[in-house]
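Accompanying notes for the structure given below.
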Amino acid sequence: MSYDRIMRLALEKGFFFPSSEIYSGPAGFWEYGPLGVGFRNKFVEVWRRELLRKDGMLEIDGSQIMTKDVFRASGHLDSFTDPIVKCKKCGSIFRADRLVSEKTGTLVTEGSSEKELDDLIEKHLIRCSKCGADFGGTKKFNLMMSVEIGGDKEEAYLRSETCQSIFVDFLRIFKVMRCKLPVAIAQFGKSFRNEISPRQSMIRLREFYQCEIEIFFNPNQSDVFQKYDGISKNRLRVCLDGKKSQNMSCSELLKKGILPSQMIAYYLVLLQSFYEKTGLDMTRARFRLLSDAERAFYSSFAFDFEVETSMGWTELVACNYRTDYDLVRHGQTSGREHSVMDGEAQVVPHIFELSMGVDRSIWAILEHSLTKHEERDVLELKPYLAPIQIGVFPLVNRDGMEEKAAEVLSKIRKDFNAFYDRSGSIGRRYRRADEIGVPKCLTIDTETLANDTVTIRDRDSMKQSRVHLDELRGILNTTFLFPD
RNA sequence: GCGGUCGUCGUCCAGCCUGGUCUAGGACAUCAGCUUCCCAAGCUGGUAACUCGGGUUCAAAUCCCGGCGACCGCACCA
């Protein structure tokens with residue numbers, strides 16, 4: 001379905017909408033409404049089921065504000081603080097350090113202050129290379145959002161990736177949870193990036209949700225991974241050249257050296273089967289191998305899990321081999337070596353991560369799920385992902401059907417997300433339910449009053465069947481049960 | 001961040017050019033009532049908007065400036 005249609009659905013039904021809307025607040029911030037929260041919660045619960053519980057991972061929930069040292073260690077403060085100058089006339093922006101070294105032929109040290117750079121620009125009479133006008137002063141631009149803590153305004157940052165919490169917590173978790181390598185630690189939470197120009201609603205946000213999984217392992221033991229045995233024949237849809245996708249078995253991918261280890265193969269399979277369960281159209285999904293230039297500074301091997309949407313191929317998950325970069329850096333900065341015992345050997349674990357963008361996954365599933373059946377718009381969400389599971393309707397508003405419907409509703413509303421609707425014709429009510437993806441509707445009619453049976457109407461087929469109220473709970477439980 | 005286009009009920013649009021019958025209109029949606037025994041029927045009534053700030057003017061949704069936002073292109077995107 002098109003971008004505009006999904007946006008209309010989101011705004012009209014309240015899945016999500018711009019933040020601080022009545023003041024046309026800053027770009028890149030969006031709110032989840034009731035349906036959006038319901039959907040997202042269920043999405044995260046499927047993530048927990050298909051990845052965390054299935055594999056025995058540990059989940060934590062870290063603080064969003066973290067001290068400056070964390071990001072000094074992670075490299076974010078150096079790598080993402082660029083000194084920039086802006087032309088007073090045409091507004092063009094340049095990296096101040098690069099500009100100075102280009103024009104003067106001298107190397108500018110990484111840590112040069114704004115004042116030093118300004119002096120150099122003045123001394124060498126450097127002007128805008130586009131229009132020749134003056135620059136305003138050098139400023140530091142950073143994708144990190146800073147905050148001040150307490151009366152003396154201690155410098156801190158909103159985390160730009162949730163995984164830093166996992167890294168700095170690693171030693172404690174490993175010890176108190178009596179971990180052995182390999183171990184996976186996961187987290188669902190918010191991250192913040194001061195994007196220059198956020199675009200396309202849920203795709204590029206300044207405040208966004210991530211589901212991250214960090215797998216800590218002994219690099220000397222990663223060749224043989226027991227769990228791999230069960231998935232060696234599984235096929236992954238990979239894209240090696242940025243164009244064509246193909247299904248290849250894990251054993252083939254390993255033999256050809258495309259995947260570096262059995263362990264990584266296993267986790268990519270796990271991730272792919274998770275997304276299959278979310279209802280994403282997997283024929284429009286792929287693992288794209290990243291080139292050297294595309295990888296993050298810390299990563300030595302990376303696949304992006306991407307899906308095709310109205311905006312083209314969109315990255316949903318970054319699968320990075322981060323080596324021992326993070327734990328070594330945190331070890332150096334904190335002065336506490338981040339090594340653990342693995343059998344007889346003491347090792348600094350390496351890390352493989354699955355870093356999922358939740359908001360854009362939500363968007364992609366909506367795009368792949370909203371379908372037009374003749375004149376009927378149906379949001380074909382998997383029953384276990386539907387924010388509202390059941391509609392309860394009196395067929396007509398008389399003869400005590402409303403009261404009976406209220407009775408049915410109160411019977412099921414504690415166990416299911418159910419809603420009651422008496423407004424408009426029965427057909428209109430079915431259509432309203434279809435568009436927000438309600439899988440089942442219960443209708444109370446004359447026969448209900450006579451013999452306590454209701455009709456269950458199915459969203460996708462529109463077919464109806466009649467069940468006794470005593471059987472209802474069992475049938476609904478089966479309907480919304482997660483398939484094995 | 002730069003450039004272009006744009007900003008009116010929940011959604012989509014009319015009105016703007018040519019300021020004043022605009023107390024801002026319509027469609028769809030929504031709410032109340034009537035009707036309705038199964039797939040957007042009908043009737044009656046209702047709620048609901050000029051993005052924000054400043055300026056010009058006797059008078060601003062309408063003209064001008066600025067902020068904020070949206071879309072498109074460039075740049076950016078751990």
Side-chain angles (χ1 to χ4, degrees), chain A residues 3-5 7-14 17-29 33 71 74-76 78-80 82 84-87 89-95 130-131 139 141-144 159-161 163-164 191 193-201 203-206 210 212 290 294-299 302 304 314-315 318 320 322 325-326 353 355 357 373-378 393-399 401 421-435 441-449 454-459 461-464 466:
Chain A
Y3 180 89
D4 289 345
R5 181 65 187 92
M7 187 51 72
R8 205 182 95 205
L9 176 74
L11 294 174
E12 280 185 345
K13 305 298 180 186
F17 42 87
S19 179
S20 311
E21 190 176 20
I22 60 170
Y23 299 109
S24 15
F29 298 92
F71 303 105
S74 71
H76 287 90
D78 290 336
S79 307
F80 299 102
D82 298 333
I84 55 166
V85 284
K86 182 176 175 180
C87 173
K89 193 176 160 199
C90 71
S92 299
I93 288 182
F94 301 91
R95 281 271 304 253
K130 275 194 184 163
C131 71
K139 284 179 188 158
F141 179 77
N142 194 300
L143 284 167
M144 307 272 301
R159 61 185 178 188
S160 53
E161 47 181 16
C163 57
Q164 291 306 325
S191 290
R193 294 178 194 175
N194 212 349
E195 297 277 358
I196 296 170
S197 60
R199 292 266 165 101
Q200 288 152 329
S201 63
I203 303 301
R204 275 181 75 189
L205 296 162
R206 285 181 166 137
Q210 291 185 296
E212 290 199 303
L290 298 193
E294 286 178 296
R295 286 197 304 266
F297 64 90
Y298 49 69
S299 179
D304 274 356
T314 306
E315 176 193 342
N320 289 313
R322 300 179 72 121
Y325 176 83
D326 303 279
E353 91 173 341
S355 172
H373 293 281
E374 291 162 18
E375 288 309 301
R376 205 166 63 102
D377 284 343
V378 186
F393 311 146
L395 186 60
V396 292
N397 298 317
R398 56 175 153 77
D399 306 335
M401 284 183 209
D421 192 356
R422 63 181 292 285
S423 166
S425 71
I426 192 71
R428 177 184 293 275
R429 283 176 270 166
Y430 286 146
R431 297 298 170 90
R432 273 200 283 253
D434 291 340
E435 200 184 349
C441 292
L442 308 179
T443 305
I444 282 73
D445 55 19
T446 320
E447 216 175 318
T448 313
L449 303 175
V454 295
T455 61
I456 299 189
R457 180 260 195 188
D458 179 71
R459 177 191 69 198
S461 67
M462 295 169 71
K463 289 202 175 113
Q464 285 177 304
R466 187 165 279 278

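Letters A, B, ... are given to chains in the order of the sequence lines, protein chains preceding strands, and every chain is numbered from 1. We use all heavy atoms of the structure for the numbers below, so side chains are in, but hydrogens, waters and symmetry mates are not.
Nearest nucleotide to the side chain of A:Arg199, out of B:C74, B:C38, B:C39: B:C74. Closest to the side chain of A:Arg204, from the set B:A75, B:C71, B:U36, is B:A75.
In this pair, A:Phe393 and A:Tyr430 present their aromatic rings tilted. The plane angle is within the 30 to 60° band.
Of the two residues contacting RNA chain B, namely A:Arg295 and A:Ser201, the nearest-nucleotide position lying further toward the 5' end is that of A:Ser201. Map A:Pro26 and A:Glu353 each onto its nearest nucleotide of RNA chain B; the residue landing nearer the 5' end is A:Pro26.
Among residues two or more places apart in sequence or in another chain, the side chain to side chain contact (heavy atoms under 4.5 Å, CB included) test is passed with A:Arg428 by A:Ser425, A:Arg432. In terms of the side chain to side chain contact (heavy atoms under 4.5 Å, CB included) criterion, residue partners of A:Arg8 (sequence neighbours excluded) are, by chain and number, A:Arg5, A:Glu12. Every side chain to side chain contact (heavy atoms under 4.5 Å, CB included) that A:Ser461 has, sequence neighbours left out, goes to A:Asp458, A:Lys463. Legend: residues meeting salt bridge (charged side-chain N to carboxylate O under 4.0 Å, His left out) with A:Arg457, ordered by chain and number and at least two apart, are A:Asp434. For A:Arg431, there are no salt bridge (charged side-chain N to carboxylate O under 4.0 Å, His left out) partners at least two apart in sequence or on another chain. For the side chain to side chain contact (heavy atoms under 4.5 Å, CB included) test, residues two or more places apart in sequence or in another chain that qualify with A:Ile203 are A:Gln200, A:Met311, A:Thr314, A:Arg360, A:Trp363. Partners of A:Arg295 under the salt bridge (charged side-chain N to carboxylate O under 4.0 Å, His left out) rule, at least two apart in sequence or in another chain, are A:Asp292. With sequence neighbours excluded, the residues forming a side-chain hydrogen bond (donor to acceptor under 3.5 Å, both in side chains) with A:Ser201 are A:Tyr3, listed by chain and number. Applying the salt bridge (charged side-chain N to carboxylate O under 4.0 Å, His left out) criterion to A:Glu212, with sequence neighbours excluded, gives no partner residue.
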- Dot-bracket line, read 5' to 3' along RNA chain B, where crossing pairs take [ ] and | marks a partner on another strand, Watson-Crick or G-U under 3.5 Å: (((((((..((((......[....)))).(((((.......)))))....(((((..]....))))))))))))....

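Distance A:Arg193 CZ to B:A78 P: 8 Å, rounded to the nearest Å. Atoms NE2 (A:His373) and C1' (B:C39) sit 14 Å apart, rounded to a whole Å. In this entry the distance linking CD of A:Gln210 with P of B:A78 reads 12 Å, nearest Å. Between the P atom of B:C39 and the CE atom of A:Met462 lies a distance of 8 Å, rounded to the nearest Å. Rounding to whole angstrom units, CZ of residue A:Arg431 and P of B:U30 are separated by 13 Å. As rounded to whole Å, 13 Å separates atom P of B:A29 from atom CD of A:Glu375. Atom-to-atom, CG of A:Leu143 to P of B:A75 comes out at 17 Å; the value is rounded to the nearest Å. Atom CZ of A:Arg429 and atom P of B:U36 are 14 Å apart (whole Å).
Comparing B:C64 with B:C16, their C1' atoms sit 14 Å apart, to the nearest whole Å. Nucleotides B:C58 and B:C2 have their P atoms positioned 36 Å apart, rounded to a whole Å. Rounded to the nearest Å, the gap between the C1' atom of B:C22 and that of B:A49 is 13 Å. On the C1' atoms, B:C17 is 11 Å away from B:C63, given to the nearest whole Å. Nucleotides B:A48 and B:A59 are separated by 29 Å at their P atoms, to the nearest Å. When the C1' atom is used for both B:C9 and B:C28, the distance is 12 Å, rounded to whole Å. Between the P atoms of B:U62 and B:G66, the separation comes to 16 Å (whole Å). On the C1' atoms, B:A61 is 36 Å away from B:A75, given to the nearest whole Å.
As judged by a 4.0 angstrom heavy-atom cut-off over every strand, A:Pro18 is placed among residues making no nucleic acid contact. Within 4.0 Å of A:Arg376, counting heavy atoms only, lies no atom of the nucleic acid at all. Among the atoms of the strands shown, none is found under 4.0 Å from any heavy atom of A:Gly424. At the heavy-atom level, A:Asp399 lies under 4.0 Å from base atoms of the strands shown. Using a 4.0 Å heavy-atom criterion, one finds that A:Phe71 contacts no nucleic acid atom at all. Counting any heavy atom pair closer than 4.0 Å across all strands shown, A:Thr455 reaches a base atom. Within the nucleic acid shown, A:Asn397 comes within 4.0 Å of at least one base atom, counting heavy atoms only. At the heavy-atom level, A:Arg422 lies under 4.0 Å from the strands shown only through sugar-phosphate atoms. Within the 4.0 angstrom heavy-atom criterion, base atoms lie near A:Ser160.
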- Task: For the pair A:Gln164 and A:Asp326, evaluate side-chain contact (heavy atoms from CB on, under 4.5 Å) and give the outcome as yes or no after the intermediate values.
- Result: CA-CA 8 Å; A:Gln164 291 306 325; A:Asp326 303 279; 4.0 Å; yes

- Item | Check against side-chain contact (heavy atoms from CB on, under 4.5 Å), A:Val378 and A:Met462 | CA-CA 11 Å; A:Val378 186; A:Met462 295 169 71; over 6 Å; no

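Looking at A:Arg206, its side chain does come within 3.5 Å of a backbone N or O of A:Glu195 through a donor-acceptor pair.
Smallest separation of non-hydrogen atoms from A:Arg204 and A:Pro198: O-CB, 3.3 Å.
Contact of A:Arg206 with B:C77 (side chain to base): no donor-acceptor pair of N or O atoms is detected under 3.5 Å. At a cut-off of 3.5 angstrom, counting only N and O atoms as typed in the model, there is a donor on one side and an acceptor on the other between the side-chain of A:Asp445 and the base of B:C38. With hydrogens and angles left out, the side chain of A:Arg398 and the base of B:G33 share no donor-acceptor pair within 3.5 Å. Side-chain N/O atoms of A:Gln464 and base N/O atoms of B:C38 include a donor-acceptor pair closer than 3.5 Å. With hydrogens and angles ignored, a donor-acceptor pair closer than 3.5 Å exists between the side chain of A:Ser197 and the base of B:A75. For A:Ser425 and B:A41, a side-chain-to-base donor-acceptor distance below 3.5 Å is absent, hydrogens and geometry of angles not being considered.
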- Could you run through nucleotides 42-55 of chain B and give me one letter per nucleotide, 5' to 3': B if any protein heavy atom sits under 4.0 Å from the base, S if only the sugar-phosphate is that close, - if neither? --------------

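Using a 4.5 Å cut-off on side-chain heavy atoms (C-beta onward), A:Arg429 and A:Pro394 make contact.
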Just the table, please: protein N/O against nucleotides 8-14 of chain B N/O, every pair under 3.5 Å.
{"residue": "B:U11", "atom": "O4'", "partner": "A:Glu12", "partner atom": "OE2", "Å": "3.2"}

